[in-house]
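Heavy-atom basis, side chains included; hydrogens, waters and symmetry copies ignored. Here is how names work: the chains are called A, B, and so on, in the same order as the sequence lines, proteins then strands, and each is numbered from 1.
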Protein chains: 2
Amino acid sequence: MLAAERRDHLLDMLARQGKIVAKDVAAELGISEDSVRRDLRELAAEGLCQRVYGGALPASPAVADYAARQSVTPDGKRRVAAVAAGLVRPGSALILDGGTTALATARALPPDLDCTVITHSPTVAVALVEHPRAEVILLGGRLFKHSAVTCGAAAVEAAQAVSADLCLLGVAGVHPDAGLTTGDAEEAAMKRALAARSAETYVLASSEKIGTASRFRVLPWEEITGLVTDAGPGHPVVRAVTSRGVQVLQAG
Amino acid sequence: MLAAERRDHLLDMLARQGKIVAKDVAAELGISEDSVRRDLRELAAEGLCQRVYGGALPASPAVADYAARQSVTPDGKRRVAAVAAGLVRPGSALILDGGTTALATARALPPDLDCTVITHSPTVAVALVEHPRAEVILLGGRLFKHSAVTCGAAAVEAAQAVSADLCLLGVAGVHPDAGLTTGDAEEAAMKRALAARSAETYVLASSEKIGTASRFRVLPWEEITGLVTDAGPGHPVVRAVTSRGVQVLQAG
DNA sequence: ACGATACATGCAGAAACGTGCAAGAACGCG
DNA sequence: CGCGTTCTTGCACGTTTCTGCATGTATCGT
């Protein structure tokens, strides 16, 4: 049993039965109570649950299943998402990419935010159903299984018909020389099309992406407004990017 | 064993069992754990999986809402969905509506079914990500919060561009006189547009819908091929509908 | 107040990790 | 065909991380 898997299991159980008894779950998973306690302590530190004597309770009833859905979102991504969500102005139009970071950003938006969100990710669209005042425009097209977003000619065409104030893009790799890259050519084209329809474009990249490069170039540095990352300002790649005139927003 | 082959095997395993344990897969494939780790590192860099201590977990949002997939579908709906899924021929094109019954149908499709699915429901689209051989076309447009499907002019227009062999529609009410109805005018229009693009149209209605009517008419009886329901053949509404020449498929 | 249970902390063995390195295969080129 | 280059792969090493146990402390129920 993987540690991360155990963590997910705990959150899942928390969402489903509303509580966790350390002793029981230890017996159920065949691990020591100490490990359970350790996990619960960490989850509580991240605000995903409320630690109580004997086990844990959901952080708050409202976020019970919210937490479970965030379970696979690592810490860095969540911080990046929080900063990215802060960039969105009420009343503005936002283009939101697919991918886990963009999804986390959607969930990090204030629940009653009044704005228009344009996305090619059905997952993001579904997540935004819970934001009653947000108008969601879904760009149709062929669904790419790999990343669960629409891509291809039809999707790019649909993107041409919209325009926005702000575009938040996720990428697979951020490298000083290679620039912003992703693993699929269609995806790269779609991201380019999205960025082209927005006045400003920020790239979201948690630290594990920093310094890596994938096969397909999305955009050169000149065409983005800024980078949101949780990698420290001292990180060599961050410094290199900054020296190229890219605004770097710290999600520390 | 080729490197690319190994990579595929890892992704396949990830999709199938939801996790990878580096040690196990190394033993299974007869290669060193180092190679497995290297592969996982690269896959993670491309965003294809999430690296965790001891192995890897899926990064795909599709598998992330595993919990949602486990949510309970009432028995009647499930039976209706099973019968509806049986109507889909391999190699054909299918239009699938939104709503819980349609979603259950999507999940009831054989996992390796080779077909094209056209839908205006992002939820259905996401559910179908797990069907590797199904091509999913998502109809874009404005998202209706209430039912989480795209509706409106843009969505209807997108629907005009497709055509299919079979259309499976959910409705809110099935009544002998009022016909097939739903609670929103835009939704009704969208459903009409979908049915118009398909050679055959079946309506899915679990028994609690039978005999009720909502405000907006979707289609008259003449324009549908059949009705799939779990209400018994002796049910007065079912008998009335049958007498109007509608084929009724029993999901008992 | 007291026993029982849960807890945090420190510790040690074990497992997993990243890196450097060298042997070997695949490849391109002369 | 031979040679050098590049890429891959497995091994060795030192490092980090995890996990269960032991200890002493805090909290709960009675």
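One atom, CZ of B/R7, and another, P of D/dT9, lie 12 Å apart when rounded to the nearest Å. In this entry the distance linking CD of B/E5 with C1' of D/dT9 reads 16 Å, nearest Å. One interatomic measurement links the two molecules: CZ of A/R41 to C1' of D/dT19, which rounds to 13 Å at whole-angstrom precision. Atom CG of A/L29 and atom P of D/dG20 are 11 Å apart (whole Å).
Mapped onto DNA chain C by nearest heavy atom, B/G55 and A/E33 fall at different nucleotides, with A/E33 at the one closer to the 5' end. Heavy-atom nearest nucleotides on DNA chain D were determined for A/G30 and for B/S35, and the one closer to the 5' end corresponds to B/S35.
Here the side chain of A/T119 pairs no donor or acceptor atom with the backbone of A/V124 at under 3.5 angstrom.
Not a single donor-acceptor contact under 3.5 angstrom links the side-chain atoms of B/R38 to the base of C/dG18. Not a single donor-acceptor contact under 3.5 angstrom links the side-chain atoms of A/R37 to the base of D/dG20.
Proximity note for A/R51 (side chain, C-beta onward) versus C/dC7, C/dT9, C/dA6: the nearest is C/dC7. Checked against D/dC28, D/dT19, C/dA15, the side chain of A/Y53 finds its nearest nucleotide in D/dC28. When each of C/dG18, C/dT9, C/dA6 is scored by its nearest atom to the side-chain atoms of A/D34, the top-ranked nucleotide is C/dT9. For B/I31, taking side-chain heavy atoms from C-beta onward, the closest of the listed nucleotides D/dG10, D/dG20, D/dT27 is D/dG10.
For D/dT9, the OP1/OP2 oxygens have a side-chain nitrogen or oxygen of B/R6 closer than 4.0 Å.
Checking A/E187 against A/S147 by side-chain atom types alone, a donor-acceptor pair falls below 3.5 Å.
Contact of the A/L249 side chain with the A/L227 side chain is not registered, since no non-hydrogen atoms from C-beta on lie closer than 4.5 Å.
In plain terms, the two heavy atoms of B/A148 and B/L143 that are nearest each other are C-CD1, 3.9 Å.
Using a 4.0 Å heavy-atom criterion, one finds that A/V52 contacts the sugar-phosphate atoms exclusively.
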Next item on the list: Check the pair A/R38, A/E42 against salt bridge (charged side-chain N to carboxylate O under 4.0 Å, His left out), reporting the backbone distance first and the verdict last.
Entry: CA-CA 6 Å; A/R38 242 185 290 251; A/E42 287 170 22; over 6 Å; no

